[in-house]
Each structure stands twice: as C-alpha cells, then as structure tokens.
A.B. asks: 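First the structure, then my questions, so here it is.
Predicted model, so just to flag it, every value in this text is computed and none were measured. Start at 1 with the first residue, then count along the sequence.
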Amino acid sequence: LIGPPTLVIEPKEDIITKDETILIKGRTDNRIDLTINGENVYVGSNGGFSKDVQLAAGLNVVEVKAINNFGKISKIVRQIFRE
C-alpha cells in the first residue's frame with residue numbers, strides 16, 4: 001500500500017554546461033532520507049532540498065535517491081556534461 005516517495009528534481013533533463021558547479025534542487029515527501037551522489041542532504045519540512053554539486057570536466061553522473069521509512073526508494077539519475 002505504501003509506494004516509493006515522490007521525487008522531482010531540477011535540472012529536469014540531462015544538460016551540457018560550462019559551469020564548475022550545478023545546483024540540484026527539488027521536492028520530495030516529508031521525513032525522507034535523501035542523498036545526492038551518496039551524500040546526505042537536508043530535506044526541509046515542506047519537502048524542499050538543494051545542493052551544489054562540483055562538476056569535473058567531461059561527463060558527470062548525478063544520482064538523487066529518496067528513501068522512506070518503509071525502505072521504498074525513488075531514484076533519478078542525470079548526466080551533466082561539463083565542457
């Protein structure tokens with residue numbers, strides 16, 4: 001009956017950038033454990049979160065994972081290419 005947590009992030013698709021960092025932000029459910037590339041990220045009481053991610057030259061894979069109290073997982077992977 002309990003499904004995986006809601007997870008919406010920006011950027012909404014894979015992108016190409018010249019920037020050294022990218023802001024990953026989004027929204028999930030309340031009381032969710034959220035990680036970006038394995039690092040814990042604070043989720044506000046409204047479900048909002050954001051984190052700056054360092055980008056290496058070339059292809060970067062960014063994985064955002066939300067886990068609820070029942071162990072259900074939602075995962076979004078973005079490929080960010082830094083020129």
A.B. asks: If you look only at pairs with a residue in residues 59-76, which of them pass as a salt bridge (Lys or Arg N to Asp or Glu O under 4.0 Å), with sequence neighbours excluded?
C.D. replies: E63-K75
A.B. asks: Please give me the minimum heavy-atom distance between D19 and T17, naming the atom from each residue.
C.D. replies: N-OG1, 3.0 Å
A.B. asks: My understanding is that only residues two or more places apart in sequence, or in another chain, count here; which of them pass side-chain contact (heavy atoms from CB on, under 4.5 Å) with R78?
C.D. replies: I9, D14, I76, I80
A.B. asks: Any chance you could measure I73, atom CD1, to L7, atom CG, to the nearest 0.5 Å?
C.D. replies: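 Spacing of CD1 (I73) from CG (L7) equals 11.5 Å.
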A.B. asks: Just by modelled atom types, is the G47 backbone N or O under 3.5 Å from a matching donor or acceptor in the N30 side chain?
C.D. replies: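 Here the side-chain-to-backbone pair does not exist.
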A.B. asks: Just by distance, do the side chain of S50 and the backbone of I24 share a donor-acceptor pair under 3.5 Å?
C.D. replies: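 No.
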A.B. asks: Ignoring hydrogens and angles, tell me if any N or O in the side chain of S74 forms a donor-acceptor pair with the backbone of P5 under 3.5 Å.
C.D. replies: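 Yes; at least one donor-acceptor contact below 3.5 Å.
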A.B. asks: Applying the 4.5 Å side-chain criterion to the ILVMFWY set and letting contacts propagate, would L59 and V53 be lumped into a single cluster?
C.D. replies: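 They do not share one cluster, since no chain of ILVMFWY contacts under 4.5 Å joins L59 to V53.
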A.B. asks: Calculate, to the nearest 0.5 Å, the distance between atoms OG1 and CZ belonging to T35 and F49 respectively.
C.D. replies: 10.0 Å
A.B. asks: Taking CD in E13 as the centre, count heavy atoms belonging to other residues, nucleotides or ligands within less than 6.0 Å. Is the count above 12?
C.D. replies: no
A.B. asks: Looking only at heavy atoms, what is the nearest atom pair of V77 and V61, with distance?
C.D. replies: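 For V77 and V61, the tightest heavy-atom pair comes out as CG1-CG1, 3.5 Å.
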A.B. asks: Is the closest side-chain heavy-atom distance between I15 and I22 below 4.5 Å?
C.D. replies: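 Of all side-chain heavy-atom pairs linking I22 with I15, at least one is under 4.5 Å.
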A.B. asks: Can you tell me which residue pairs pass the salt bridge (Lys or Arg N to Asp or Glu O under 4.0 Å) test with a partner in residues 30-49, sequence neighbours excluded?
C.D. replies: E39-K51
A.B. asks: When rounded to the nearest 0.5 angstrom, what is the spacing between CD1 in I67 and CD1 in I32?
C.D. replies: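 These two atoms lie 9.0 Å from each other.
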A.B. asks: Taking the side chain from N46 and the backbone from R27, do they hold a donor-acceptor pair closer than 3.5 Å?
C.D. replies: no
A.B. asks: Nearest 0.5 angstrom please: N69 CG to I2 CD1, how far?
C.D. replies: 9.5 Å
A.B. asks: Rounded at 0.5 Å granularity, tell me how far CD1 in I16 sits from CD in Q79.
C.D. replies: 11.0 Å
